[in-house]
A.B. asks: 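Input: one structure, supplied below.
None of these values were measured; they are calculated from a predicted model. The chains referred to below are lettered A, B, ... by the order of the sequence lines, with proteins before strands, and numbering in each begins at 1.
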There are 4 protein chains.
Amino acid sequence: MLPIKLEDFLPHEKLQEMNEKEIKILEAAIDIFAEKGFVSTSTNEIAKKANVAEGTIFRYFKTKKDLLKSIIKPTLVKTIAPFEMDRFSKAVFHMEYDTFEDFLKVLIVNRMEFAKKNTAVIKIIIQEIPFQEEMQEELKKLFKEKMYPRVENVLQYFIDKGQIADLPIHTILRLIITSVMGLVVSTIALKDISIWDENLEIERTIQFIKQGLQ
Amino acid sequence: MLPIKLEDFLPHEKLQEMNEKEIKILEAAIDIFAEKGFVSTSTNEIAKKANVAEGTIFRYFKTKKDLLKSIIKPTLVKTIAPFEMDRFSKAVFHMEYDTFEDFLKVLIVNRMEFAKKNTAVIKIIIQEIPFQEEMQEELKKLFKEKMYPRVENVLQYFIDKGQIADLPIHTILRLIITSVMGLVVSTIALKDISIWDENLEIERTIQFIKQGLQ
Amino acid sequence: MLPIKLEDFLPHEKLQEMNEKEIKILEAAIDIFAEKGFVSTSTNEIAKKANVAEGTIFRYFKTKKDLLKSIIKPTLVKTIAPFEMDRFSKAVFHMEYDTFEDFLKVLIVNRMEFAKKNTAVIKIIIQEIPFQEEMQEELKKLFKEKMYPRVENVLQYFIDKGQIADLPIHTILRLIITSVMGLVVSTIALKDISIWDENLEIERTIQFIKQGLQ
Amino acid sequence: MLPIKLEDFLPHEKLQEMNEKEIKILEAAIDIFAEKGFVSTSTNEIAKKANVAEGTIFRYFKTKKDLLKSIIKPTLVKTIAPFEMDRFSKAVFHMEYDTFEDFLKVLIVNRMEFAKKNTAVIKIIIQEIPFQEEMQEELKKLFKEKMYPRVENVLQYFIDKGQIADLPIHTILRLIITSVMGLVVSTIALKDISIWDENLEIERTIQFIKQGLQ
DNA sequence: TATGAATGAGAATTCATTCAT
DNA sequence: AATGAATGAATTCTCATTCAT
C-alpha cells in the first residue's frame, strides 16, 4: 500500500489550519494502524515514521486514543456525508436520475472511488469500531440523522415509481449496503488477482441488486 | 452476551479428552477476546475469569497466541466443514434439492444457526484474521480445498438447469456469501431491536439472492 | 560429552543404598547443570531427562539447591581424598618415591584420570563454588584439614632432600596446583584439537614444574 | 569489594559520550553480576542499585544480555589489547628487553595491575564465557588475530637467543598463561590474608616460569 | 514549540515447590 | 512411593505518558 497523503482526503481548510508535524503524525499513524492494528502500534513507532519526537505526538493529540479518533472521525463523516451534501446527493434529490439503475451506478462508483482513496482508514474503522463505544455512537448518530432520512426519500421514490419491490426501507437498505460493502471489501482484498475485473464486477453487482429488488 | 459453553460447539470426543480447567480457560478467553479484542485482553484477566492461576493457562497453551489459535481453528474448520461432510452437503451432491431456492434455504438456515451458536468466536475470527497470517493461510487452504470445489459443482448444476444466470462461479459465490454474511452480521448486531424479524429477513434475503441471480 | 554414569565415580556402598530413580535424577542433573549452568536448568528439564515426574525430584532432594549439593559434595571430597587415603597417598607417606619427579608424575596422572572421569561435575564445581558459600566453607575445611597437612609433609621431605627449592609450602603448592589445573583445563577444553598430544603435554608440564621449583 | 567506578577502566572518550544514568547502570550491574552471577541478578535489583527506573535500563541496553555484553566486551578487548598496541608491546617488538626475565616482569606487573583494576569484570567474564557462545567466538578471534601472532614473535625471539627451551609455542604459552592466571586468581582470592606478600609472590612466579622454561 | 529521557505500571511467561490422588 | 496438575511469585521487557530543558 502506498503511504497515505492526508491532502487526498481532508478538506483544504482543515489541512491549512493543521501543522505540518500534525499532518505527518496522522499520516504515519494511519499507515501503521492499518497494517498492525491500533493496540499493536506503539507511539514510538509512529513518532519514528513521522520523523518527530514521541512527545510531539502528545502535543497534538492528548492520548493515543485521541489520535485514533482524529483519524476515524473525519472519514466516518465523509463516508456518510455524500448522502447529504455533494453533487451526487443533490442530483438524486432533484430526481435527476430516472432509473434505480442509474442511481445504483452513481452510488457504487462514487463509494468505490472513496473506498480506494481511503482504504487504510476504512480498514482501521472496521477493525476498531467494535471496540470503541464512543465511535459507535457517533456512527449511529450520523447514520440516523444524516444518512437514513435522505436515503429513505430516494428509495421511497423508486418504490413509488414501481422500480423496486415494496419492502421495508431498512431491509432494502441492508441488502444494498451488504452488497456494496461486499464489493468494496472484495475489491480491496482481491485487487491484485488477475481474474478480478473491477468494472465487470461493478456492473454485475448493479444487476444483482437491481434484479434482487425487483 | 451469555457466557460461552464450549459443549455447545466442540465435538463430544474432543471435549471428553479436555481437562476441566482447560475448558474453563477457553471459555473465559473466548468471552473476553470477543468483548475487548485479543491484544487488549490480558492473561491475568482470563485467569481470573476462569478461576485458575495465571500459570495454569500456560500449562495448557504454550503462549497466548496459541490460546487464540486453539479458539479460532476448530470454528474455522467447522465454518467450512458442512460443505464437504454433513447432511446438507451430501444431500446437495445427490441433487436432492430440485430448486436453487431450496438449496439457498438450507444453506442460510444452517449457517445462521451455526453463527448464532458461535457468535463470540466468529467475532474473534473477523477481528483477528487480518493480523494473523498463519490463520489466513489456513483459511485460504480450507476454502480452496474443502469448500470451493464442492460449491462449484452445485452452482454449475443450477446454472446448467437454467435456474441461475451464467455468471462466473466466483462472482456468484461472492454475491451469495456477501448477502449471507450481511444477514448474519445484521442478525448478530440487531437481534435485540424490535423491528428485526429474523425469519422474515431470512426469507427476504433468499428472494433477493434468487432474483438477483436469475 | 557422553551421558554421565554415576557408577563410574560414586562408591559402591553409596550407590547400593540409592534408589534407581535417585540415581537417574543425579545423572540427568549433572549433565544439564554442566551444559547450561545450575540457575539456567529447570527441574522440569531434569525430570524429563531422568524420566521421572517433577515431584519425584523433591522426594529425594528437598530443594533444587540440595540437588546441587548432592552432586558437588562427593566429588569435592574425592578431589581431596586421595591425599589422605588411597594407594598414591599411602605410597607417598611411606616415601616410596625417591624423586620429586616420580611424585609429580603419579600426582598428575592420577588427577588427570580423575578429571577426565568427572569432567561434568568439575565444570559444575568451578562454576558454582563462587556463589555457594556453604560449599566454599566445605572446600576450605577439606583443604585445611585433609589435604594441606599431608602435602606439607611430602613437600618438606623433598625440600629437605634438596630436590626442590626452599620456598614457603603455600607458594610451592600454589605453583603446582596452578600448573596442574592449567593442564587439566587445557585438556578438557582442547581435547578435540589435533595438535594436542596429552601424554606429551603431561611430560612437559612435569618438567616445567620440576625445573621451576629447582 | 568496593563499588566499581567505570572511570577507572573505560577510555575517557567513551565515558564522555555516555550518559550519567547509563554509567550508573553499568556500575551497578558489574557489582551485582560479580557477586551473584548474571542469571541470578534481576534487572529490578540493578535498577534499584543504580537509582533508576527499571525501564531506564532497557533504554540503554536492549536486553539484559546486551547489558552483559556491554560489560564484558571492552574488558575482553583490553585484556588482549596491550599485546598489540601499548608501550609494553612496542617495547618488546623493538626488543628493548634483553632478557626473558625482563619481559616476564613487565608482562606480569602489567597484567596484575589490570586484573586488580578489573577484578569484578574479570570474575564475570570467567563465570559467563562458558555459557555465552557469542563471547567465546569474540575471545577466540581476539586471541588468534591480536595476541597470538605478536606473542609468538617474542617467544621465538627468546628461543632463538637460547633463553628459553625449544618447546612448541603453544606449550610455552599455556605454561605461562596458566602460571600468570594462577597468580592473578590467588592474588584476588587471598589478598586479605596476612601471609600473602604480593611482590614476593610475583618475584617467585617469575623465577618459577623462567627456570621452568630453561 | 519541540524534544527525548525517564518513568513505572502492566504485560506474558517461567519455574521451584506443593499436594491430592 | 510416585505422579503431575496447580500454583503464584518473580522475571524480563514494553509502552503511553510526563516533564525538564
A.B. asks: Any side-chain heavy atom of D/Tyr60 sitting closer than 4.5 Å to one from D/Asn19?
C.D. replies: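 A side-chain contact under 4.5 Å exists here.
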A.B. asks: For the residue pair B/Val52 and B/Ile46, establish whether any side-chain heavy-atom pair is separated by less than 4.5 Å.
C.D. replies: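 When only atoms from C-beta onward are counted, B/Ile46 and B/Val52 do not touch, as no gap falls below 4.5 Å.
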A.B. asks: I need the NZ-C1' distance between D/Lys36 and F/dT11, as an integer number of Å.
C.D. replies: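 Spelled out: NZ on D/Lys36 to C1' on F/dT11 is 13 Å.
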A.B. asks: What integer distance in Å separates B/Glu45:CD from E/dT13:P?
C.D. replies: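 Atom-to-atom, B/Glu45 to E/dT13, this comes out as 15 Å.
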A.B. asks: Kindly point out which of F/dA6, E/dT7, E/dA2 is positioned nearest to the side chain of D/Lys21?
C.D. replies: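 The listed nucleotide nearest to D/Lys21's side chain is E/dT7.
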A.B. asks: Whole-Å distance between E/dA11 P and B/Leu68 CG?
C.D. replies: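 That distance rounds to 18 Å.
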A.B. asks: For the atom pair CG (D/Leu76) and CG (D/Asn118), what is the distance rounded to the nearest 0.5 Å?
C.D. replies: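 Here the interatomic distance stands at 11.5 Å.
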A.B. asks: Report, one pair per line, the protein and nucleotides 13-16 of chain F atoms (nitrogen or oxygen only) whose separation is under 3.5 Å.
C.D. replies:
residue	atom	partner	partner atom	Å
F/dC13	OP2	D/Lys64	N	2.8
F/dA16	OP1	A/Thr41	O	3.3
F/dA16	OP1	A/Lys64	NZ	3.0
F/dA16	OP2	A/Thr43	N	2.6
F/dA16	OP2	A/Thr43	OG1	2.8

A.B. asks: Just so I know, are the side chains of B/Met18 and B/Leu26 near enough to count as touching, which here means a heavy-atom distance under 4.5 Å?
C.D. replies: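 Result yes, sub-4.5 Å side-chain heavy-atom pair found.
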A.B. asks: Does F/dA5 have its OP1 or OP2 closer than 4.0 Å to a side-chain nitrogen or oxygen of B/Tyr60?
C.D. replies: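 No, outside the criterion.
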A.B. asks: Would you indicate whether the side-chain heavy atoms of B/Lys69 and B/Glu134 approach each other to under 4.5 Å?
C.D. replies: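 Yes; the side chains approach each other to less than 4.5 Å.
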A.B. asks: Could you tell me the separation between the CD1 atom of B/Ile46 and the P atom of E/dA11, rounded to a whole number of Å?
C.D. replies: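 Interatomic distance, CD1 of B/Ile46 to P of E/dA11: 11 Å.
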A.B. asks: What is the distance, to the nearest angstrom, from the CD atom on D/Glu20 to the P atom on F/dT21?
C.D. replies: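 Result: 13 Å.
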A.B. asks: Could you tell me whether the side chain of A/Lys24 reaches within less than 4.5 Å of the side chain of A/Glu20, counting heavy atoms only?
C.D. replies: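 Heavy-atom side-chain distance check passes, below 4.5 Å.
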A.B. asks: Measuring from C/Thr119:OG1 to C/Lys123:NZ, what's the distance to the nearest 0.5 Å?
C.D. replies: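 If I round to the nearest 0.5 Å, the distance is 7.5 Å.
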A.B. asks: What is the distance, rounded to the nearest whole Å, between atom CZ of C/Phe61 and atom P of E/dC15?
C.D. replies: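 Roughly 20 Å, once rounded to whole Å.
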A.B. asks: In whole Å, what is the span from the CD1 atom of C/Ile25 to the C1' atom of E/dT17?
C.D. replies: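 Those two atoms, CD1 and C1', are 14 Å apart.
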A.B. asks: Rounded to the nearest Å, what distance is computed from the CG atom of residue D/Leu67 to the C1' atom of nucleotide F/dT12?
C.D. replies: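 From D/Leu67 CG to F/dT12 C1': 12 Å.
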A.B. asks: Does the pair A/Lys36/A/Glu45 count as a salt bridge with the N-to-O cut at 4.0 Å?
C.D. replies: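 Looking at A/Lys36 and A/Glu45, the cut-off is met.
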A.B. asks: Only Watson-Crick and G-U wobble pairs, only distances under 3.5 Å, only runs of 3 or more: what stems does that leave for DNA chain F?
C.D. replies: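 Ordered by first number, the stems with DNA chain F (at least 3 consecutive pairs each) read E:2-21 with F:2-21.
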A.B. asks: Hey, does the side chain of A/Glu27 reach the backbone of A/Ala50 with a donor-acceptor pair shorter than 3.5 angstrom?
C.D. replies: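 Not a single qualifying donor-acceptor pair exists.
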